[in-house]
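See below for the structure under consideration.
Sequential numbering from 1 along the given sequence is applied to the chain's residues. The figures that follow rest on heavy atoms only: side chains count, while hydrogens, waters and symmetry mates do not. Worth saying up front: this structure is predicted, and the values here are computed from it rather than measured.
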Amino acid sequence: MSAVTAPAREAPAAATPPERPRRSRGGGGWARRAPLLPALVFMLVVTQLPFLATVVYSLRSWNLLRPDSQAWVGLANYAAVFTDRQFLGAAANTVLITASCVVVAMLLGIGLALLLDRKFRGRGVVRTLVITPFLILPVATALLWKHIMLEPVFGLVNFVLSPFGVESFDWVSQAPVFSVVAALVWQWTPFMMLLVLAGLQSQGSDVLEAGQVDGASRWQTFAWITLPHLRRYIELGVLLGSVYVVNTFDTIYMMTQGGPGTASSNLPFYVYQRTFLGFDIGQSAAMGVVVVVGTIIVATLALRLIFRTFMNAQEATS
């Protein structure tokens, strides 16, 4: 008898998952972005419309002392801005004040962060006291430095320097830029210290211990291990400090009024002088546009540098 062969069983078909209904990219995207639309509209109305109005004003000749003298002058206001010696002097003061404040505050912040990163009794109280200058209003800071620290007769600075022959020196009148920088450094040093201290606390102790095992001194450990680790925090502090300090107005207004003459005027204060003291709306608007564009360019370049540093650090760790 021939063996009866059973029919071969077919392999069960693989179960295919049910197809999900496809959503149109356009509809889903707009549905997700719709809650952000009011915020976008508010931002455009608050920021971009005033800037566009400033651009329009900068293309016209308009002095409030002569209301009927409005005329379309094109780029003449911008040409006058770049040939104005006082504007160029205010730009130089802006660079000097910003660079001096940021560099000195960062150096002092690094030093304070290294001290406060160590363990000692009362460290929390000391940290709170060091942060206090950053919490004081800028106007109060300016008045404190003008009438208590730098006052020529009863000021604390002249009292401390009196053994060295410095007596009755009027810092605000004879060294106005230095006076403004001193007040700004006192205000911004705690901010730099906080950023650097956060970087120090994020550093792993195993790396430091490995450096000590290899025989590295404290200075070598700081220069070759700690400082490269703090690079991103230092760059972030320099960027944020520069963006805020370049717009300083209240400290200069309360301490020096931009004087003597325009010796301590920066760009925001000089724009204020041309607008509310000179009543020249056209040229002051052109100055404002130049300042905004210059600030955006510098901030964009700095942000790209920082993002590139973060990307390189992530690639190195991966």
Side-chain angles (χ1 to χ4, degrees), residues 50-51 54 57-58 61-65 77-105 133 136-153 155 157-158 168-189 241-296 298:
F51 181 73
T54 305
Y57 290 150
S58 68
S61 175
W62 184 16
N63 194 303
L64 295 180
L65 298 178
N77 286 327
Y78 292 94
V81 166
F82 287 107
T83 57
D84 187 356
R85 292 184 178 180
Q86 294 182 352
F87 177 81
L88 298 179
N93 285 338
T94 303
V95 175
L96 177 61
I97 292 173
T98 303
S100 302
C101 173
V102 171
V103 171
V104 177
I136 299 177
L137 294 176
V139 174
T141 300
L143 293 176
L144 184 149
W145 275 85
K146 181 179 181 180
H147 297 292
I148 297 179
M149 302 296 295
L150 301 177
E151 209 276 333
V153 179
V157 174
N158 285 341
S168 301
F169 184 79
D170 194 350
W171 294 90
V172 176
S173 298
Q174 301 182 25
V177 176
F178 175 81
S179 302
V180 172
V181 171
L184 291 175
V185 167
W186 184 78
Q187 180 184 359
W188 283 96
T189 296
S242 300
V243 171
Y244 284 105
V245 175
V246 77
N247 295 316
T248 299
F249 175 83
D250 36 21
T251 304
I252 296 177
Y253 182 83
M254 299 304 298
M255 291 187 67
T256 64
Q257 291 286 324
T262 57
S264 60
S265 295
N266 63 348
L267 289 177
F269 191 82
Y270 186 64
V271 173
Y272 159 79
Q273 286 181 319
R274 294 301 298 269
T275 305
F276 296 99
L277 301 180
F279 302 103
D280 196 336
I281 304 300
Q283 288 193 9
S284 60
M287 293 176 186
V289 172
V290 171
V291 173
V292 170
V293 172
T295 305
I296 291 175
V298 174

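Ring-plane geometry between Y253 and F269 is classed as tilted, the angle between the planes lying from 30 to 60 degrees on a 0 to 90 degree scale.
Taking OG of S61 as the reference point, atom CD of Q283 lies at 8.0 Å (rounded to 0.5 Å). Separating the OG atom in S179 from the NZ atom in K146 is a distance of 10.5 Å, to the nearest 0.5 Å. Atom CG in L184 sits 10.5 Å away from atom CH2 in W145 (nearest 0.5 Å). Distance check: M287 CE to T54 OG1 gives 14.0 Å after rounding to the nearest 0.5 Å. Here OG1 of T141 is found 9.0 Å from CG of D250. Values are rounded to the nearest 0.5 Å. Here M149 contributes atom CE and L144 contributes atom CG; the two are 7.0 Å apart, rounded to the nearest 0.5 Å.
The shortest distance between side-chain heavy atoms of Q187 and I136 does not fall below 4.5 Å. Proximity of V290 to F82: side-chain heavy atoms (C-beta onward) are separated by under 4.5 Å at one or more points. Counting only heavy atoms from C-beta outward, the side chains of V104 and V181 never approach each other to under 4.5 Å. No side-chain heavy atom of T248 sits under 4.5 Å from any side-chain heavy atom of I97. Side-chain atoms of D84 and Y270, non-hydrogen and from C-beta on, do get closer than 4.5 Å to each other. Between S173 and P260 there is no side-chain heavy-atom pair separated by less than 4.5 Å.
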Exercise. Determine, stepwise, if the pair I281 / T275 fulfils side-chain contact (heavy atoms from CB on, under 4.5 Å).
Key: CA-CA 6 Å; I281 304 300; T275 305; 4.1 Å; yes
Practice problem: Could you check F249 against N266 for side-chain contact (heavy atoms from CB on, under 4.5 Å), going step by step and ending with a plain yes or no? | Solution: CA-CA 8 Å; F249 175 83; N266 63 348; 5.8 Å; no
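Here the closest non-hydrogen pair linking F169 and N158 is O-ND2, 3.1 Å. Summarising the geometry of M255 relative to V172, their closest heavy-atom pair is O-CG1, 3.2 Å, with the distance given to 0.1 Å. F51 and V292 get closest at one heavy-atom pair: CE1-CG1, 3.8 Å. The two atoms that bring Y57 and A285 nearest to each other are CB-CB, 3.8 Å, heavy atoms only. The two residues Q273 and Q257 come nearest to each other via the heavy atoms NE2-O, 3.9 Å. Across every non-hydrogen atom of P152 and D170, the tightest pair is CB-CA, 4.0 Å.
Side chain of N247 to backbone of P268: no donor-acceptor contact under 3.5 angstrom is found. A donor-acceptor contact shorter than 3.5 Å links the side chain of S264 to the backbone of G259. With N93 contributing its side chain and S265 its backbone, the two residues share a donor-acceptor pair below 3.5 Å. Side chain of T83 to backbone of A80: a donor-acceptor contact under 3.5 angstrom is found.
Around the OH atom of Y78, the shell of radius 6.0 Å holds more than 12 heavy atoms that belong to other residues, nucleotides or ligands.
Applying the ring-ring contact (aromatic ring centres under 6.0 Å, His included) criterion to F178, with sequence neighbours excluded, gives W171.
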